[in-house]
Amino acid sequence: MGCSRAGSVSLGFLTYLAPALEARGVPTTLAGAVAALYGVGSMAAAQVVKRLVGQWSPVGLIVAGGVQMAAAYLLAGYSQSTGALVVVALLLGGGWSFMHSTIQSWATALSPTARATGVAVFGVALYVGSAVASGLAPPPLRRTTTGPCSGWRRS
């Protein structure tokens, strides 16, 4: 998976999580708290990754992160309830931590000059991927309550 695709998968959803919850009637504060669980999942998983770094291969860690992300997207496709999206945010944060921490470990093995360039290229690709995913997503649904065409429609 290229870095720009990794950015769209691991960060692109953050733009839409809280608004999706709000569209389902979840209060703004709760929707923001659910989105913040991405960070909680990432911090908790970082502690696990710290213990596994010497025991698992880098490929194993990346696969574990990918499995977490795949499970999160499967769950989100199955259910968009608040409870399901809480688990989705935690899993995606955990997947990010497993993958990102591993890439950072590899970067530290490089020479100082190559490390700086590698980390910069990774960062640019990651955030460009996130922006591309946000830009390619369809417009949000909005609820119309009047007229013969009431219901959910694209903006």
Side-chain angles (χ1 to χ4, degrees), residues 1-24 26-141:
M1 175 183 294
C3 287
S4 61
R5 282 182 274 163
S8 64
V9 171
S10 61
L11 296 176
F13 84 98
L14 282 173
T15 305
Y16 300 104
L17 184 58
L21 287 168
E22 288 180 53
R24 299 182 58 78
V26 173
T28 303
T29 305
L30 180 57
V34 170
L37 288 174
Y38 177 86
V40 172
S42 181
M43 289 187 298
Q47 298 307 309
V48 175
V49 171
K50 191 186 326 181
R51 293 186 185 133
L52 295 177
V53 163
Q55 300 170 2
W56 288 23
S57 72
V59 171
L61 291 169
I62 290 174
V63 168
V67 166
Q68 289 176 67
M69 288 189 172
Y73 278 109
L74 285 171
L75 177 59
Y78 179 73
S79 172
Q80 290 83 42
S81 70
T82 303
L85 291 176
V86 164
V87 175
V88 166
L90 289 168
L91 283 171
L92 287 172
W96 162 260
S97 189
F98 269 74
M99 295 174 132
H100 185 262
S101 298
T102 304
I103 290 171
Q104 287 296 324
S105 303
W106 282 349
T108 58
L110 299 174
S111 71
T113 307
R115 176 178 170 229
T117 303
V119 170
V121 169
F122 171 74
V124 168
L126 185 67
Y127 292 109
V128 166
S130 177
V132 168
S134 296
L136 293 177
L141 293 174

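Note that the numbering runs from 1 along the sequence shown for the chain.
Residues passing the side-chain contact (heavy atoms from CB on, under 4.5 Å) test with Leu74, sequence neighbours excluded: none. Scored by the side-chain contact (heavy atoms from CB on, under 4.5 Å) test, Ala31 finds Ala18, Leu21, Glu22, Val26 as partners (sequence neighbours excluded). A search for side-chain contact (heavy atoms from CB on, under 4.5 Å) contacts involving Ser57 returns Val59, not counting sequence neighbours. Listed by chain and residue number, nothing satisfies the side chain to side chain donor-acceptor pair (under 3.5 Å) test with Gln55 (two or more places apart in sequence, or in another chain). Shown here are the side-chain contact (heavy atoms from CB on, under 4.5 Å) partners of Ala84, two or more places apart in sequence or in another chain: Leu75, Ser79, Ser81.
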Do Val48 and Phe98 pass the side-chain contact (heavy atoms from CB on, under 4.5 Å) test, and can you show the C-alpha distance, the side-chain angles, and the key distance before you say yes or no? CA-CA 9 Å; Val48 175; Phe98 269 74; 4.0 Å; yes
Yes or no on side-chain contact (heavy atoms from CB on, under 4.5 Å) for Trp56 and Val49, after CA distance, side-chain angles and deciding distance? CA-CA 9 Å; Trp56 288 23; Val49 171; over 6 Å; no
Could you pull out all donor-acceptor pairs under 3.5 Å where a side-chain atom in residues 61-68 meets a protein atom, sequence neighbours excluded?
unit_1: Gln68; atom_1: OE1; unit_2: Gly95; atom_2: N; d: 3.3
unit_1: Gln68; atom_1: NE2; unit_2: Ala64; atom_2: O; d: 3.4

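For residues 40-53, the side-chain hydrogen bond (donor to acceptor under 3.5 Å, both in side chains) pairs, not counting sequence neighbours, are Gln47-Lys50.
In this structure, CG in Leu92 is found 10.0 Å from CG in Leu85, a value given to the nearest 0.5 Å.
The shortest heavy-atom contact between Leu91 and Ala72 is CB-CB, 3.7 Å.
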